[in-house]
Undergrad: 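Quick one: structure below, then a few questions.
Throughout, a chain's letter reflects where its sequence line sits, starting with A, and its residues are numbered from 1.
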Number of protein chains: 2
Amino acid sequence: MSLFPGRIRRKPEAPRSSLRLEAGHKLYHAGSEGLAWRLSQGVVRLDTVLQGETSFASLAIAGDILGCETLLFGAYTFSASALTQCELTPWPEGEGAASGESLLESLALAQRRAADVVALRGGQAADRVLGLIRLLGDEAGRVVLPTRQDIADITNLRFETISRIIKSLERSRILAPIRIDGVHATRSFSVNLASLAG
Amino acid sequence: MSLFPGRIRRKPEAPRSSLRLEAGHKLYHAGSEGLAWRLSQGVVRLDTVLQGETSFASLAIAGDILGCETLLFGAYTFSASALTQCELTPWPEGEGAASGESLLESLALAQRRAADVVALRGGQAADRVLGLIRLLGDEAGRVVLPTRQDIADITNLRFETISRIIKSLERSRILAPIRIDGVHATRSFSVNLASLAG
DNA sequence: CGAGCACTTGATCTATGTCAACGGTAGTGG
DNA sequence: CCACTACCGTTGACATAGATCAAGTGCTCG
């Protein structure tokens, strides 16, 4: 019934001009120019760059807006890199989409996300890691975690500590590694949701 | 030259309907209804309330917007209380003031502030306290700090640790307590800006 | 005058950091 | 194919920054 059947987007999940980014890859560097993005899938890490030193600044997960400051200043404030496989769409998406209500929602979301990230840097080490797992897991109880080092940067712990904690979560059956082709994955887990109640 | 000289606001610094809040006082509680605010002076602490437990979530300083989620959901997500004497104005302030550009600015500011707060929870204890002092101090090198306990909540340290750090900053002349009527103030300091270079 | 709060300081403990060694996997180049 | 390097992750032994516990000061308020 479409007037232009041939022009309908090919894949409903991946609208025209969306971007896919592999884990570990950079989306943009602080100071450079580019678009603003909405993150539709995955996890992105934002870093401040100060005197050449790069340090963890914030986390973006599905729904969050990235690099909106570029629309104001023409340059990114932070560097962004994918912690898991990501999908992004240029933002603002529609013509009138970026005004009023929608921007306000984004502002409220940004403030909520900020609180989430702050919470990941306080309390017992194991609880921080669990907090991150809760934040990144889906409803079905699956998580793809970032590397131990990235988790360490986010939670302000050391990667050795993260390694010990994750191993102990495995031993206590809170996390179960997912095997792919019989290969022991170190970052994909199914989560025992009951023991994760927050 | 004004057409309506009698209607010009009385005090340029305190526009009509602005609110003053003393240190330690609550601005609003999570879950309740109210206005959104722009913080024009002072420091406000935001807390998440989870199962009766209240824990530090974020910090707002001059320029930041507070409680904007109330415009969307009709209820505050966090609780807000003044850490120092504050001045607030209802937001959005003007008729067209809350659209487009201005909202985008607020979003970018919120993301920057989030990174600031995250940075206050990583690194050496003394550096976190210095980071907070840098964030709260004015250009003239004056700071009014929150209580030791509030600083501790912000930096994820203990108040005894904060007490020791501040005392040691005093001893090394980085902070100088300001005496009021000869009374030794414990929260007002002048800062040796040179040793604070960040 | 007593109660409550904010702050200081000392003594001791411990969660986490640090250092070190090692294993697995992927990529690269001969 | 192997050798080599570069990551990433695991685990053990030990060190320490900061937490915890405890006691005491001074101020304010009723």
Side-chain angles (χ1 to χ4, degrees), chain A residues 22-26 45 56 81-84 120-133 143-172 175-189, chain B residues 22-26 45 55-56 81-85 120-132 143-172 175 177-189:
Chain A
E22 293 305 312
H25 289 190
K26 211 111 192 182
R45 145 181 197 162
F56 175 75
S81 48
L83 294 186
T84 61
L120 294 178
R121 303 190 129 222
Q124 293 291 97
D127 295 329
R128 300 190 208 177
V129 176
L130 284 172
L132 183 64
I133 291 170
V143 230
V144 179
L145 293 177
T147 64
R148 306 288 184 267
Q149 182 60 62
D150 281 318
I151 298 177
D153 294 341
I154 295 166
T155 55
N156 192 36
L157 297 164
R158 302 292 138 173
F159 70 90
E160 295 98 324
T161 304
I162 303 297
S163 181
R164 285 184 241 265
I165 289 171
I166 290 182
K167 260 283 169 277
S168 98
L169 291 175
E170 285 183 41
R171 283 191 269 264
S172 57
L175 289 183
I178 294 173
R179 288 169 187 276
I180 300 166
D181 302 329
V183 176
H184 186 119
T186 58
R187 291 178 214 161
S188 298
F189 296 90
Chain B
E22 293 305 312
H25 289 190
K26 210 111 191 180
R45 142 181 200 165
S55 73
F56 176 75
S81 46
L83 294 185
T84 61
Q85 188 174 278
L120 294 178
R121 302 189 130 222
Q124 292 292 96
D127 294 329
R128 302 191 206 176
V129 176
L130 284 172
L132 184 63
V143 230
V144 179
L145 292 177
T147 64
R148 305 289 184 266
Q149 182 60 62
D150 282 318
I151 298 176
D153 294 342
I154 294 166
T155 55
N156 192 37
L157 297 165
R158 302 294 139 172
F159 70 90
E160 296 96 324
T161 304
I162 304 298
S163 181
R164 285 183 240 266
I165 289 171
I166 291 182
K167 261 283 168 280
S168 97
L169 292 176
E170 285 183 41
R171 283 190 270 264
S172 57
L175 290 182
I178 294 173
R179 287 168 188 275
I180 300 165
D181 302 331
V183 176
H184 186 119
T186 59
R187 291 177 216 161
S188 298
F189 296 91

Undergrad: To the nearest Å, how far apart are A/R158 CZ and C/dA15 P?
TA: 18 Å
Undergrad: Should A/I133 and A/L175 be marked as a side-chain contact (heavy atoms from CB on, under 4.5 Å) after you check the CA-CA gap, both sets of side-chain angles, and the distance that decides it?
TA: CA-CA 10 Å; A/I133 291 170; A/L175 289 183; 3.9 Å; yes
Undergrad: Dump the intermediate steps for side-chain contact (heavy atoms from CB on, under 4.5 Å) on A/L83 and A/I154, then the final yes or no.
TA: CA-CA 11 Å; A/L83 294 186; A/I154 295 166; 3.8 Å; yes
Undergrad: I need the minimum non-hydrogen distance between B/I151 and B/P146, along with the two atoms involved.
TA: CD1-O, 3.7 Å
Undergrad: Does B/E22 have any side-chain contact (heavy atoms from CB on, under 4.5 Å) partners at least two apart in sequence or in another chain, and if so, which?
TA: B/H25, B/Q85
Undergrad: Could you give the CD-to-C1' distance, from A/E22 to D/dC7, as a whole number of Å?
TA: 17 Å
Undergrad: Which heavy atom of A/P177 sits nearest to which heavy atom of A/A185, and what is that distance?
TA: CB-O, 3.9 Å
Undergrad: Just report the end-to-end axis angle for the helix from C/dC1-D/dG30 to C/dG30-D/dC1, five pairs per end, to 10 degrees.
TA: 40°
Undergrad: How close do B/G131 and B/L120 get, counting heavy atoms only, and between which atoms?
TA: C-CD2, 3.5 Å
Undergrad: Check side-chain contact (heavy atoms from CB on, under 4.5 Å) between A/A152 and all other residues, then give those that pass, not counting sequence neighbours.
TA: A/Q149, A/F159, A/I162
Undergrad: Rounded to the nearest angstrom, tell me the gap between atom CZ in B/R187 and atom C1' in C/dA6.
TA: 7 Å
Undergrad: Using the side chain to side chain donor-acceptor pair (under 3.5 Å) criterion, which residues pair with B/D150? Sequence neighbours excluded.
TA: B/R45, B/T147
Undergrad: Could you run through nucleotides 9-14 of chain C and give me one letter per nucleotide, 5' to 3': B if any protein heavy atom sits under 4.0 Å from the base, S if only the sugar-phosphate is that close, - if neither?
TA: BBB---
Undergrad: Flag the pair B/R128 / B/N156 as yes when at least one side-chain heavy-atom distance between them is below 4.5 Å, and no otherwise.
TA: yes
Undergrad: Got a sec, which residues hit salt bridge (Lys or Arg N to Asp or Glu O under 4.0 Å) with A/R158, two or more places apart in sequence or on another chain?
TA: none
Undergrad: Between protein and nucleotides 3-5 of chain C, what N or O pairs are separated by less than 3.5 Å?
TA:
none

Undergrad: Test side-chain contact (heavy atoms from CB on, under 4.5 Å) on A/L145 and A/I166 and set out the steps.
TA: CA-CA 10 Å; A/L145 293 177; A/I166 290 182; 4.0 Å; yes
Undergrad: Might you work through the side-chain contact (heavy atoms from CB on, under 4.5 Å) test for A/L130 and A/L169, ending with a clear yes or no?
TA: CA-CA 9 Å; A/L130 284 172; A/L169 291 175; 4.0 Å; yes
Undergrad: Can you tell me how far C1' of C/dC7 sits from CZ of B/F189, to the nearest Å?
TA: 11 Å
Undergrad: Under a 4.0 Å heavy-atom cut-off, which of residues 122-131 of chain A touch DNA chain C?
TA: A/Q124, A/A125
Undergrad: Rounded to whole Å, please give me the gap between CD1 in B/I162 and P in D/dG18.
TA: 10 Å
Undergrad: Please identify each residue that fulfils side-chain contact (heavy atoms from CB on, under 4.5 Å) with A/V144, with sequence neighbours left out.
TA: A/T84, A/S188
Undergrad: Near DNA chain D, counting only heavy atoms under 4.0 Å, which residues of residues 144-157 of chain A show up?
TA: A/T147, A/R148
Undergrad: As an exercise, state the distance from CZ of A/R148 to CG of A/D153, rounded to the nearest 0.5 Å.
TA: 13.5 Å
Undergrad: Mind checking side chain to side chain donor-acceptor pair (under 3.5 Å) for B/S168 and listing every partner two or more places apart, or none if nothing turns up?
TA: none
